[in-house]
2 protein chains.
Amino acid sequence: MTTVGAPTLDEVAVLAGVSRATVSRVVNGSPRVSPEARQAVQAAVDTLRYVPNRMARSLVTRRTGTIALVLSESDTQIFSDPFFASIVRGLSAHLADTELHLVLLAARDAREQEKIGRYVRQGHVDGVILMSLHGDDLLPDILARTHVPVVLSGRPLDGRAVSFVDADNAGGARAATRHLLDQGRRRVATITGPLDMVAGQDRYAGYRDALEGHGRAVDADLVVEGDFTEDGGLRAMATLLERAPDVDAVFAASDPMAVGALQALRAAGRRVPDDVAVVGFDDAAVARACDPPLTTVAQPLEDMTRLLLELLLRRIEDGDDAVESRVCETRLVRRASA
Amino acid sequence: MTTVGAPTLDEVAVLAGVSRATVSRVVNGSPRVSPEARQAVQAAVDTLRYVPNRMARSLVTRRTGTIALVLSESDTQIFSDPFFASIVRGLSAHLADTELHLVLLAARDAREQEKIGRYVRQGHVDGVILMSLHGDDLLPDILARTHVPVVLSGRPLDGRAVSFVDADNAGGARAATRHLLDQGRRRVATITGPLDMVAGQDRYAGYRDALEGHGRAVDADLVVEGDFTEDGGLRAMATLLERAPDVDAVFAASDPMAVGALQALRAAGRRVPDDVAVVGFDDAAVARACDPPLTTVAQPLEDMTRLLLELLLRRIEDGDDAVESRVCETRLVRRASA
DNA sequence: AGGACTCGTGGAAACGCTTCCACGACCGCT
DNA sequence: AGCGGTCGTGGAAGCGTTTCCACGAGTCCT
């Protein structure tokens, strides 16, 4: 028994003068161990710097102690979205005092998605949280075949039966648009998200709802599709100003796009909110920092990440396939831009 | 032998009418298998949808087939840095046709860093690539104790003996600054990166070098510390304009900061490059897209990620502790901003 | 024709852990 | 005093692989 590699349970057992079984019990915090034995084992663990071998443990427990957040985005662009960063932060925070680890997996194309599928099927993780689904996304199907619990961040596009947690995107967009209409704005435009994404669709639907609720028709000139990025927002606003110079309000489906719109408006010499009112979505940090500060729609990120984890962990624990989902209320945050 | 869980080697063996050993051999592509046996096994694998259990395999091979990219950044802010996204993209691309998986691990505080240390020590990964080190970073020490191969993206701050791959930051900054001086600019400022990061320090050092090479002293009024973000760049440029209204050139240590500077300059009514020339660093996508397009310093990302992987994989294969490092040349890309 | 190969194959040990089961020792009760 | 309990403990089986070793059947040489 040389001490070349990492120390094993046996070595600890020998040093502590007990059996492997007892060491295992101590390491796993079983109550059925005498104080003396426990202490001897602890000492041995410390002097040997023993760390259980995860592979060996997983082989018998069928648990890895890690869950994956998988991002399926053609571009690596998603990284720059503050919403994504918030989700990561929220999940990490909730996991902080558990022994569950969070790993991020990114797939840019179909090949990488297949690779992630293999990774999951091979048993590297206990469950996965899936984010950012475009219309043509293969991952839900790939993962469904793995029999590993999955919960989506965001409603699935095709209404399939999976667990998910989402914000009330339509409701938030409706509130935002209504806020603009209630101010007496006559030409309320929108910069939508990508319309092959649910969040893009739902926020656009909310915009339409609000308009129709005020007895207005949707004017195609006032709708431009964006891509959730600041740069996309800038370009979209420029297009809008060209197509409809009389625009006096705009609902951008994300804060970065709203910030981009702000820049385009400044470049065009329009004052915000006097000439054009702007509302964003997400209540990202940038919404507070920009000039003027953005009126925006806040999502309860704390709650959403907690629910995401609750749903996933319950499915992992119980091993059932019950699908369950939650939709969280949004809140309009009024600042200077509208 | 019920088929409740995932199928095992045994089940495949029985179905194919061979032994476990043979199945293992064909699954692992050993040449010492007869064509008939191979075919029978393949068929069985296909009908059973057999996927080897990674835990069991790792237990004996001591390999997990995954490497980690760990990000140690107090903020989740690093996600929004295009340089980070490029590294991820490069690594994924190089790994695409291997069976090695890349997972991302993020640590925001000391506690999460310890947790990552445990994750690694438990044997979840074969090696780690460590990114974005601040001065007070604990991770190199934590990881050193795990005996898992580590290579740093970026020179270590304290000159410790570890493998790393870095761009010639000082050289790039020197070239950028020289480019400005050679145009006859008299008041060349810099917006530095965080000075507790190596990239921040080295790029600042290159700026000083170039200045001194031209027989100029560094003017403290012309040096403002930024944080690599666009917003930080905007604020820094504003400070610069206030402290030194006669500034006629600025070297920003990252493209996002340069873009921020561009905005501040536009807001202040300065023309670029006529009144003030601007040079960035990284040659991010945004450098091409902004107005005017940025002159910037390109790093050979393709090479850097390839080297990162080469160094790491060699250490994994050979199991040696040889430290080795590479510094890659940068290249000045001239566009309209300077 | 017989020995020395190579080649494909299967049995079995090993990887490091958890957990079932059995077994003594001790307790408090009747 | 004897009996049923609880409690702490150790032995051993088992998780799904890989891989060493041995073995029989060919093949090729002298």
Side-chain angles (χ1 to χ4, degrees), chain A residues 1-42 44-45 48-65 99 118 121-124 126 147, chain B residues 1-42 44-45 48-65 99 118 121-124 126 147:
Chain A
M1 189 174 63
T2 56
T3 318
V4 44
T8 73
L9 248 204
D10 285 280
E11 308 181 30
V12 177
V14 170
L15 182 57
V18 298
S19 72
R20 294 219 302 275
T22 299
V23 176
S24 177
R25 281 187 275 257
V26 171
V27 169
N28 292 300
S30 157
R32 334 185 114 273
V33 180
S34 68
E36 309 86 61
R38 183 180 308 278
Q39 204 171 336
V41 171
Q42 286 292 12
V45 164
L48 256 31
R49 285 177 174 23
Y50 171 72
V51 177
N53 177 316
R54 243 299 159 197
M55 301 305 143
R57 177 180 284 186
S58 294
L59 185 54
V60 19
T61 60
R62 268 68 237 291
R63 284 288 161 74
T64 65
E99 251 319 302
R118 263 172 282 147
R121 206 167 332 139
Q122 282 174 160
H124 281 277
D126 294 337
H147 299 291
Chain B
M1 192 174 62
T2 57
T3 318
V4 44
T8 73
L9 250 202
D10 284 281
E11 307 181 31
V12 177
V14 170
L15 183 56
V18 298
S19 73
R20 294 218 301 277
T22 298
V23 177
S24 177
R25 280 188 276 259
V26 353
V27 168
N28 292 299
S30 156
R32 333 185 116 274
V33 180
S34 68
E36 309 85 61
R38 183 182 308 280
Q39 204 170 338
V41 171
Q42 286 292 12
V45 164
L48 255 32
R49 284 176 175 29
Y50 169 72
V51 177
N53 178 317
R54 243 299 159 196
M55 300 306 142
R57 176 180 284 189
S58 295
L59 185 55
V60 20
T61 60
R62 269 66 241 285
R63 283 291 161 74
T64 64
E99 250 319 303
R118 261 173 283 147
R121 206 165 333 139
Q122 282 174 158
H124 281 277
D126 294 337
H147 299 290

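Just so we're on the same page: letters track the sequence lines, and every chain starts at 1.
Here chain B contacts DNA chain C (any atom closer than 4.0 Å to a heavy atom, that is under 4.0 Å), and the contacts span C/dG8 to C/dG16 from 5' to 3'.
Contacts between residues 30-37 of chain A and DNA chain D, defined by a heavy-atom separation below 4.0 Å, involve A/Arg32, A/Val33, A/Ser34, A/Ala37, listed by number. For DNA chain D, the neighbouring residues in residues 18-27 of chain A, judged by any heavy atom under 4.0 Å, are A/Val18, A/Ser19, A/Arg20, A/Ala21, A/Thr22, A/Arg25. Applying a 4.0 Å cut-off to non-hydrogen atoms, the residues of residues 51-62 of chain B that approach DNA chain C are B/Leu59, B/Val60, B/Arg62, listed by residue number.
A/Glu11 and A/Ala6 make their closest contact through OE2-O, 4.3 Å (heavy atoms, listed as atom of the first residue, atom of the second, distance). Here the closest heavy-atom approach between residue A/His124 and residue A/Thr64 is recorded as O-OG1, 3.3 Å.
Listed by chain and number, the residues in a side-chain contact (heavy atoms from CB on, under 4.5 Å) with A/Ala16 are A/Val18, A/Ala40, A/Val41, A/Ala44 (sequence neighbours excluded). The side-chain contact (heavy atoms from CB on, under 4.5 Å) test applied to A/Ser19 returns A/Ala21, A/Thr22, not counting sequence neighbours. In this view, B/Val60 satisfies the side-chain contact (heavy atoms from CB on, under 4.5 Å) rule with no residue, not counting sequence neighbours. For A/Asn53, the side-chain hydrogen bond (donor to acceptor under 3.5 Å, both in side chains) criterion is met by no residue, not counting sequence neighbours. Applying the side-chain hydrogen bond (donor to acceptor under 3.5 Å, both in side chains) rule to B/Arg20 yields the partners B/Asp10; only residues at least two apart in sequence or on another chain are considered.
Within the structure, no pair that satisfies the side-chain hydrogen bond (donor to acceptor under 3.5 Å, both in side chains) test touches residues 30-42 of chain B, not counting sequence neighbours. For the salt bridge (Lys or Arg N to Asp or Glu O under 4.0 Å) condition, no pair includes a residue of residues 50-65 of chain B, sequence neighbours left out.
One can place CD of A/Gln122 at 11 Å from P of D/dT17, the figure rounded to the nearest angstrom. A straight line from CG of A/Leu9 to P of D/dG11 spans 14 Å, rounded to a whole angstrom.
Judged purely by atom type and a 3.5 angstrom limit, B/Ser58 has no side-chain atom pairing as donor or acceptor with the backbone of A/Met55.
Note: B/Thr8 OG1 to B/Leu48 CG = 8.5 Å, rounded to the nearest 0.5 Å.
Each end of the helix from C/dA1-D/dT30 to C/dT30-D/dA1 gets its own axis from five base pairs, and the two axes differ in direction by 40°, given to 10 degrees.
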